[in-house]
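Comments concern the structure below.
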Amino acid sequence: MGRTQASTYCRICEPLCGLEVTAEDGAVRRIRADREHPLSKGFACPKGIAMAEIQNDPDRVVRPLRRRADGEFEEVGWDEALDDIASRLRRIRDQHGGDAIGWYFGNPATFSYSHPLWLSAFMAALKSPHLYSAGSQDVNNRFAASALLYGSPALVPIPDLKRTDLLLMLGANPLVSHGSIISAPRIKEDLTAIVRRGGRVVVADPRRTETARAYEHLPVTPDGDAWLLLSLLNVIFEEGLEDAEACAVQARGAGTLHEVAKDFSPESTQERSGVPARTVRDLARDLASAERAVVYGRTGTCLGRYGTLTAFLIDAVTLVTGNLDRPGGGIFGAAPMRLDELLRVTGLATYGKTRSRVGGYPDVLGTFPAGVMAEEITTPGPGRMRALLVSAGNPVRTVPGSAALEAALDELDLLVCIDLYVTDTGRKADYVLPATTFLEREDFPLPFLQNHLTPYVTWTDAVVPPRGEARQEWQIIDDLARRMGLALGALGLQRLAYHMGIRPSPRFLVDLLLRTGPRGDWYGLRRGGLSIRKLRKHPHGIVLGEHHRTGTLRRRILHKDKRVRLDPPEIVAEIGRLAAEPAGPRARGEAYPLRLIGMRELRSHNSWMHNVPGLMRGKRRHAARVNPKDAAEYGLEDGALCRITSEHGAVELPVVVTDEMTQGAVAVPHGWGHQGGGWRVANAAGGANVNLLASPRPGDLEPLAGMAHLNGVPVAIAPATGTER
Ligand code: SF4
């Protein structure tokens, strides 16, 4: 094989930066940023470069593992493993029905074009509703808000950073996260360019984040976003600053929104939002008067008690100020294939089509909240989950109140994990099946095509062969389905092909969609059109235009009257629930007077990253950040151990005293505190599982999307006197 060099793209997070991979005899030797990539132009963050360490990690699982009677794992052949798993799943299905089998997939699954397609098809073939994802700890509220606003959960506006004059950003830290629900590899340059051309970037966050430091920081109370957004709407409507034409032509229900916003004057909300009334009034006027403005929110706005309402209000402010579907505002990216139609025809873009057995939560894109999984396993009755497959996910470290899930996993008849490592979840599994890394698989950025700030498309082949016996997830699923006698068919076409005895590959299906799409080659009928063959000739991808077209909303919205709903009853009810909230967070005598928030770290993303020596080196340690006044009030010293307690649990961590924190807020990154998996560096990294502080009760999830409540969790803090729990 010798020495090879190949271009590919990173699939750790959403910028999808271009990478150059050098390999020798099929083993990755070096990863560098791809200087010829037209969008990332030689940028890649430390995580993308460190992928070489994950690829070659001696802790990686590269052969199927089976749990022995003594609890240890032993290597086993693929046939033996899949035969046994298939026969146990068949038995469970025969005895209890297909809905006794569940699947949880983690964030990395969505970066594979084939993995989610095949697992959706697998679950559809089983007729099981038990599909769970990391989305309820991240983004499902955004999709739920889109379903209410536009009739489609898959229609999500992206901020047109290249043309805006004023960006109000809530709960996002793109200088560290590199952007989410937007693919813009050089996002820092895009943000700085706004300021250079005389515009503003306003960052609303309880913490003076890296992004807030670089631009304008607007300190807010944890979980106070909905109050702030409603008071912005209050000023805009009460002062007659709304874009009346946009409200009348693009939307329905602006009058109702105006009416409900009347109760949220800036003076009445300042204690809840943490933003002085004067500042809110000025910001509302600026948003309304700016030539081009947009509001954008990410994870920090998703994990409070009003995540769907907050996502809804973000778009509502953009629309009411005349900036939705306009250059420089919130724009709807177009894919070079008929994704909207595909989702509509296949029925995959669902919201509330079904409800979870526990808690009665609506599905979001066919998934239920991961926060109900524990009780779905332990609650007797029809539809009880008795087998669980977990791919590219580590739910015992990521779901709220994860101790309950960890205990519930012991009650399953079968737990199978498909992953790169024996994770904290995998250590409880009956089988751990080795998956390929993204370097070992071909790929296409299917879920992100609409999110590229600059219209762009690419394809990558695998750049190295799989290590050991690792297989792609879709191949494992396909093989398992065959052994179970299931015909996979989430896509009608796929199902038809299966019934004809043809097993189409993901590549065949995607090529078909690309070639018959608006930019496709129509199998030779359109010269210069797109196909996978053509993309393979452009290893750095193809830029399809400078900007996405605007003025497309009417065509893409799925409500029959083609207008945005500003008055869904679900949202009006949520505003009523918000208005009935009791007093502010630091009410006298409250047992848990502080509010916990999460935060992003440059060298963390998912659990895998904590086993990379190159990312964990230096003085990295898990810590809680507190404001100096809070430190003084609660007797905390910088560097000393503190104990954070909530109604649901306690963790102990070192304290970092910093004025970047707003008084009353405590920031702790998630995803630490690994214990007992097969990853030595992650286990040795220490830290605590901060999700133990969140409520494990399904009834405490956010009602419209089942979002975990991980931001704004009431906590108390004190010097540590005992041992870490
Ligand atoms: S920013 Fe994200 S996509 Fe880019 S190199 Fe880093 S991890 Fe990969």
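Order of listing sets the numbers, starting from 1, for every ligand and every atom in it. Here, residue 1 is the first one in the sequence, and each next residue gets the next number.
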Under 2.8 Å from atom 6 (Fe) of ligand 1, the protein N, O or S atoms found are Cys45 SG
Do the side chains of Arg298 and Asp138 get close enough for a salt bridge, i.e. N-O under 4.0 angstrom? yes
Location of contacts on Leu19 toward ligand 1, heavy atoms closer than 4.0 Å: neither
Could you tell me whether Glu53 and Arg617 have a side-chain N and a carboxylate O separated by less than 4.0 Å? no
Side chains of residues 40-49: which donor-acceptor partners sit under 3.5 Å, not counting sequence neighbours?
from, atom 1, to, atom 2, distance (Å)
Ser40, OG, Gly18, N, 3.0
Ser40, OG, His37, ND1, 3.2
Lys47, NZ, Leu602, O, 2.8

Can Glu546 and Lys162 be counted as an ion pair, charged N to O under 4.0 angstrom? no
Give a yes or no on whether a salt bridge exists between Asp57 and Arg680, defined as a side-chain N under 4.0 angstrom from a carboxylate O. no
What orientation do Tyr113 and Trp459 show, parallel under 30°, tilted 30 to 60°, or perpendicular over 60°? perpendicular
